[in-house]
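Just so we're on the same page: letters track the sequence lines, and every chain starts at 1. For the numbers below, each heavy atom of this structure counts, side chains included, while hydrogens, waters and symmetry mates do not.
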Amino acid sequence: MIGFDESLLDDADETVRVRFTINGRKVACEVAPRETLVDCLRNVLELTGTHAGCEMGACGACLVQLDGRAVHACLMFTVQADGARIDTIEGLTESGVIADLQAEFHRRNALQCGFCTPGMLVNAHELLSQVTRPSREDIRDALSGNYCRCTGYEAIVDAIDAVAKARIESGGPT
Amino acid sequence: MKARAFSYFRAATIDQALHAHARAGDDARFIAGGQSLVPALSLRLQAPRLLIDITHIAELRGVRREGAFLRIGALTRHCEMLSEPLIAEFAPLLRAAAPFVAHPAIRNRGTFGGSVAHADPASEFPAMTLALGAEIEIVGPSGSRRVKADDFFVDLFETALQPGELITAVFVPLFKADQRFAFDELARRRGDYALVGCGMLATCTGDRIDDIRISFFSVGNTPTRVKGTEAALIGSSLGAERIAAAQAALEGDLAPPEGDEVPPAMRLHLARVLLGRMLGRLGAGA
Ligand SMILES: Cc1cc2nc3c(=O)[nH]c(=O)nc-3n(C[C@H](O)[C@H](O)[C@H](O)COP(=O)(O)OP(=O)(O)OC[C@H]3O[C@@H](n4cnc5c(N)ncnc54)[C@H](O)[C@@H]3O)c2cc1C
Ligand code: FES
Ligand code: FES
């Protein structure tokens with residue numbers, strides 16, 4: 001029943017080996033237990049599309065997909081993700097699953113500085129994969145944890161709304 | 001904004017988790033969804049030597065019927081409270097509260113057991129365990145016990161949990177055909193903690209209320225049952241006069257604290273407005 005190695009208590013800042021699948025690629029890295037996933041992604045793996053804003057779950061800039069669901073990379077330690085599948089904005093971009101969202105954001109000026117955009121796209125992607133016909137109210141609700149200091153949100157809601165409708169017309173979600 | 005150094009241990013069983021906690025001299029924290037704990041560590045409000053990850057313990061998972069109760073495993077995530085059919089059928093008050101808990105991505109990680117253990121007086125689920133008359137199952141070094149929600153919330157972020165004890169599940173009495181429920185809250189923005197919120201569960205014969213439990217959150221140091229208000233309603237049906245009497249009784253039940261950004265009088269006013277709306281809906285059978 002033990003499974004707990006007491007020597008663990010003496011080396012709190014010792015790095016541990018973590019393995020996960022990031023954007024389809026198997027990765028192993030050495031991290032201190034206290035390192036958050038957003039820091040690991042940006043500083044160790046140089047995936048800087050995931051942004052660090054408030055680092056306390058309030059702004060939504062750090063959203064990534066963990067085993068297919070949107071989560072805040074600032075609200076978990078890298079060690080917790082050992083064995084998980086993580087998809088960042090880079091992976092979602094390369095695979096093309098959010099290409100229509102990105103094009104519509106671009107077309108409607110749904111971004112200015114772009115700081116919030118990766119988080120907005122991850123959340124929009126999650127919403128559209130769960131609700132095929134979201135109302136504008138649903139969209140606003142889904143984005144309630146994402147701050148944008150530039151656009152005033154209207155263009156972002158428009159873009160997501162337009163993509164939801166386009167996906168229905170083209171025969172369901174891609 | 002970075003946590004102090006700690007060691008990390010992923011427990012596979014309850015025994016392993018309890019053992020590790022004891023070995024760390026209780027200078028340890030269990031981590032479930034981490035949606036309250038990680039910010040607290042990042043802000044260094046807490047700085048344990050050891051973090052024990054309980055999310056891989058199978059015994060803490062799952063929702064199922066057990067006799068007259070629905071057993072909700074501690075690791076049930078907020079998003080599952082929304083999607084799990086057994087919750088919708090047998091604990092509809094929890095299903096009604098779930099969309100108000102934080103934002104979608106936080107609901108993907110945060111757990112029901114973590115919310116109850118954390119006992120934030122502004123949180124929806126702890127207050128709903130009171131309205132439901134739920135029981136909290138706790139396991140610790142000296143065995144397992146069940147504590148009534150009425151006895152669980154002690155003071156600000158303080159519960160019946162002793163250091164090193166885990167919540168394994170919450171037992172909710174099954175929702176019955178002669179019961180009605182209501183949930184609502186007033187917040188500045190969707191997903192924000194409420195200025196004031198309330199959940200209620202009534203047992204009725206026709207329109208007459210035989211029994212009712214009403215619980216408020218964001219009104220003091222703990223989620224708060226309003227027993228005087230409940231008493232004002234039992235035995236009658238919900239006409240305008242009864243509702244007004246219940247609203248008046250609320251003043252004796254609630255004492256929102258001073259020194260807050262929301263003045264006590266305003267919180268009490270909002271609570272009265274919310275109660276009136278919800279009783280109106282309950283009376284209409286909605
Ligand atoms: C931006 C933001 C907004 C939020 N808004 C809301 C909101 O509107 N309403 C709301 O209710 N919550 C809100 N939350 C908090 C969220 O719901 C948390 O998920 C929840 O409070 C804690 O659950 P957790 O599983 O994440 O617990 P953790 O953060 O992992 O743990 C919290 C505490 O509980 C203890 N604990 C966890 N599980 C157990 C267990 N099984 N047994 C014993 N102890 C345990 C931990 O040791 C820790 O002390 C918000 C959080 C954020 C970051
Ligand atoms: S950086 Fe994670 S929510 Fe702001
Ligand atoms: S585009 Fe600048 S924060 Fe949203």
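- A donor-acceptor distance shorter than 3.5 angstrom exists from the side chain of S7(B) to the backbone of L8(A), with no hydrogens or angles considered.
- Proximity to chain A (any heavy atom under 4.5 Å) is shown, for R23(B), by both the backbone and the side chain.
- In this structure, no portion of L143(A) lies under 4.5 Å from any heavy atom of chain B.
- In this structure, D5(A) and F9(B) have side chains that are not in contact, with every pair of non-hydrogen atoms separated by 4.5 Å or more.
- The closest side-chain heavy-atom distance from Q16(B) to F4(A) is not below 4.5 Å.
- With a threshold of 4.5 angstrom between heavy atoms, L41(B) approaches chain A through side-chain atoms but not through N, CA, C or O.
- Taking a cutoff of 4.0 Å between a charged side-chain nitrogen and a carboxylate oxygen, K2(B) and E55(A) qualify as a salt bridge.
- The side-chain heavy atoms of L75(A) and P39(B), taken from C-beta on, include a pair separated by under 4.5 Å.
- Of the listed residues R10(B), R49(B), R107(B), the one with more heavy-atom pairs under 4.5 angstrom with chain A than any other is R10(B).
- Interface remark: of the candidates G34(B), P99(B), A20(B), A20(B) forms the most heavy-atom pairs closer than 4.5 Å to chain A.
- Contact annotation for L37(B): neither backbone nor side-chain heavy atoms come within less than 4.5 Å of a heavy atom of chain A.
- For E137(A), the CD atom sits in a loose shell: 12 or fewer heavy atoms of surrounding residues, nucleotides or ligands are nearer than 6.0 Å.
- Nearest heavy-atom pair, I106(B) versus G57(A), reported as atom, atom and distance to 0.1 Å: CD1-O, 3.8 Å.
- Judged by distance alone, with hydrogens and angles left aside, the side-chain atoms of N108(B) form no donor-acceptor pair with the main-chain N or O of V71(A) at under 3.5 Å.
- To the nearest 0.5 Å, the span separating CZ on R109(B) from NE2 on H72(A) amounts to 11.5 Å.
- Summarising the local packing, CZ of R189(B) is surrounded by more than 12 heavy atoms from other residues, nucleotides or ligands at distances under 6.0 Å.
- Looking only at side-chain heavy atoms (C-beta outward), Y8(B) and R34(A) stay at 4.5 Å or farther from each other.
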